[in-house]
Number of protein chains: 2
Amino acid sequence: MPTVSSEELAAAAGVNSAKLRKDFSYLGSYGTRGVGYDVEYLVYQISRELGLTQDWPVVIVGIGNLGAALANYGGFASRGFRVAALIDADPAMAGKPVAGMPVQHTDDLERIISDNGVSIGVIATPAGAAQQVCDRLVAAGVTSILNFAPTVLTVPDGVDVRKVDLSIELQILAFHEQRKAGEESAADAADGTATPAVAKDHRKGPDGDVPAVMPA
Amino acid sequence: MPTVSSEELAAAAGVNSAKLRKDFSYLGSYGTRGVGYDVEYLVYQISRELGLTQDWPVVIVGIGNLGAALANYGGFASRGFRVAALIDADPAMAGKPVAGMPVQHTDDLERIISDNGVSIGVIATPAGAAQQVCDRLVAAGVTSILNFAPTVLTVPDGVDVRKVDLSIELQILAFHEQRKAGEESAADAADGTATPAVAKDHRKGPDGDVPAVMPA
DNA sequence: ATGTCTTTGTGAACGCGTGCACAAAGATGG
DNA sequence: CCATCTTTGTGCACGCGTTCACAAAGACAT
Ligand SMILES: NC(=O)c1ccc[n+]([C@@H]2O[C@H](COP(=O)([O-])OP(=O)(O)OC[C@H]3O[C@@H](n4cnc5c(N)ncnc54)[C@H](O)[C@@H]3O)[C@@H](O)[C@H]2O)c1
Ligand SMILES: NC(=O)c1ccc[n+]([C@@H]2O[C@H](COP(=O)([O-])OP(=O)(O)OC[C@H]3O[C@@H](n4cnc5c(N)ncnc54)[C@H](O)[C@@H]3O)[C@@H](O)[C@H]2O)c1
């Protein structure tokens with residue numbers, strides 16, 4: 001039986017082994033002391049807990065440059081997501097095939113959501129249309145939204161929204177870039193006072209620190 | 001002189017006003033007690049600290065579905081990013097105009113980076129090509145990379161990488177979605193304890209192995 | 001069986017970010 | 001010039017996530 005120890009996994013992932021064990025312990029006691037974790041069983045348990053064993057139908061609304069790219073992207077299917085429908089407001093797009101399936105008109109949005117039991121929606125419309133598209137999705141039964149439009153969406157309790165803001169990703173890089181440039185000559189004079197988060201760490205983690213406020 | 005109080009800003013941003021003030025204090029004492037912050041001056045200070053006053057040239061490598069969408073996206077320019085060049089390995093694409101500029105061949109990658117003083121690169125190639133593209137970018141002088149390919153990139157110290165993984169965004173939504181579904185019947189008694197989200201109580205249940213977390 | 005050796009699972013300590021509460025600063029009016 | 005009122009800047013405490021450290025569980029050999 002192929003096994004791995006928390007120590008090996010932690011080293012591979014670059015994290016603390018105690019934390020890894022504690023995290024695993026929240027899923028249950030799936031390890032064997034003195035041996036480690038049964039790889040296959042562990043993978044199954046984590047997959048199940050993360051919802052990867054289920055098949056989630058999603059709709060993409062707004063089939064422009066970005067929406068079409070998403071529709072064509074094969075990486076979703078391999079993670080358990082199935083593109084159930086592509087929806088656009090442009091009558092000229094209706095029926096046109098994108099990624100092997102016909103684009104449908106927003107008039108049918110509610111029916112599409114309902115017929116396919118969709119609970120996850122992706123918004124790739126212009127910012128101006130995002131909120132109203134969001135409202136219709138929510139009214140139709142969608143309870144999770146991935147938003148690419150550069151707008152803050154307002155949703156009722158119980159609905160999750162995740163916003164992908166590519167400009168902010170670049171801004172974060174630019175911020176560190178600027179810091180690198182400054183360090184060369186800044187010599188970091190004396191100081192010594194208790195200063196803050198923004199300073200030192202270049203974290204590798206997915207989310208770095210993201211400020212709360214910023215104008216357009 | 002138009003001003004805002006930390007209280008107003010905090011309310012607008014949905015955060016705590018004390019935290020907001022403390023964050024601002026790291027930039028310096030730009031507020032006036034009894035009055036608030038001079039809007040224009042504050043915006044300037046934050047913009048400067050974030051590097052938004054600079055103009056950053058970026059290159060996009062891999063002009064496929066996603067790369068083309070990014071090239072066409074107008075949201076970058078408004079945040080101080082200028083697409084300096086589009087690069088692809090496909091000879092058929094060379095010279096072809098995308099977003100109003102000709103696609104250039106990877107053969108010229110090093111020269112393009114150098115000529116334009118580019119320090120930020122975007123990778124939108126297939127996963128298989130990402131690491132070698134990354135290596136060339138870094139060797140040519142790029143020190144910040146935004147990676148869309150589903151691969152972990154290895155880079156030398158001093159180089160920042162941010163990975164955008166859209167599948168993970170969907171997985172996070174699906175995870176919460178799954179949880180919502182389970183709660184309906186899970187007799188979730190208002191918790192209150194300081195346990196991690198996944199926690200609850202999973203100690204080996206009646207049948208020994210399957211944790212009580214998610215009935216599915 | 002009993003002992004040894006490995007690795008888990010977790011109580012307790014630690015560190016850090018967040019929020020509270022308030023003194024000080026400065027504006028404004030009398 | 002003093003009183004009052006508003007809002008900043010920050011010391012301090014609290015809570016949460018991370019890490020340490022170790023007892024106990026189990027495998028494996030004798
Ligand atoms: N392209 C990118 O790389 C990129 C990057 C970051 C953010 N974004 C954002 O993503 C969104 C889409 O970008 P894009 O480049 O694909 O734009 P786009 O103009 O190419 O596509 C927008 C599509 O939405 C459709 N649409 C408009 N109103 C609609 C409505 N009410 N209901 C349904 N469909 C509607 C349009 O017909 C069009 O097909 C924009 O908000 C943009 O700011 C794009
Ligand atoms: N399309 C999406 O919505 C999406 C979403 C998430 C992630 N991604 C990832 O983004 C990447 C691009 O996706 P896509 O849909 O645009 O793929 P695509 O196949 O449409 O485009 C890839 C482009 O990269 C070019 N290319 C290949 N090797 C290259 C090299 N060595 N140097 C320079 N260019 C090279 C190809 O010629 C092609 O134009 C993939 O890794 C994909 O997994 C895409």
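The sequence lines fix the lettering, A, B, ..., with proteins before strands; numbering per chain opens at 1.
Considering only side-chain N and O atoms, B:Y37 lies under 4.0 angstrom from the phosphate OP1 or OP2 of D:dG9.
A:L27 places its CG atom 11 Å from the P atom of C:dG9, with the value rounded to the nearest Å. Rounded to whole Å, atom P of C:dA12 lies 20 Å from atom NZ of A:K19. If you measure from atom CD of B:E7 to atom C1' of C:dG19, you get 12 Å, rounded to the nearest angstrom. In this structure, CZ of A:R21 is placed 16 Å from P of D:dA25, rounded to the nearest angstrom. When rounded to the nearest whole Å, the span between CG of A:L20 and C1' of D:dT19 equals 13 Å. Rounded to an integer number of Å, the gap from B:K22 NZ to C:dA21 P is 14 Å. Remark: P of C:dG9 and CG of A:L9 are 12 Å apart, rounded to the nearest angstrom. One atom, CG of A:D23, and another, C1' of D:dT19, lie 12 Å apart when rounded to the nearest Å.
Backbone-only contact: B:S29 has heavy atoms under 4.0 Å from sugar-phosphate atoms and none from a base. When heavy atoms are screened at a 4.0 angstrom cut-off, A:F24 is found touching no nucleic acid atom at all.
A side-chain donor from one of B:S6 and B:R21 sits under 3.5 Å from a side-chain acceptor of the other. Under the 3.5 Å distance criterion, with hydrogens and angles disregarded, no donor-acceptor pair is assigned to the side chains of A:Y44 and A:E40.
The aromatic ring centres of A:Y30 and A:F24 sit 6.0 Å or more apart.
Interface remark: the A:R33 side chain does form a donor-acceptor pair with the C:dT8 base, using a distance-only criterion of under 3.5 Å.
Here A:E49 pairs with B:R179 in a salt bridge; the nearest charged N to carboxylate O distance falls below 4.0 Å.
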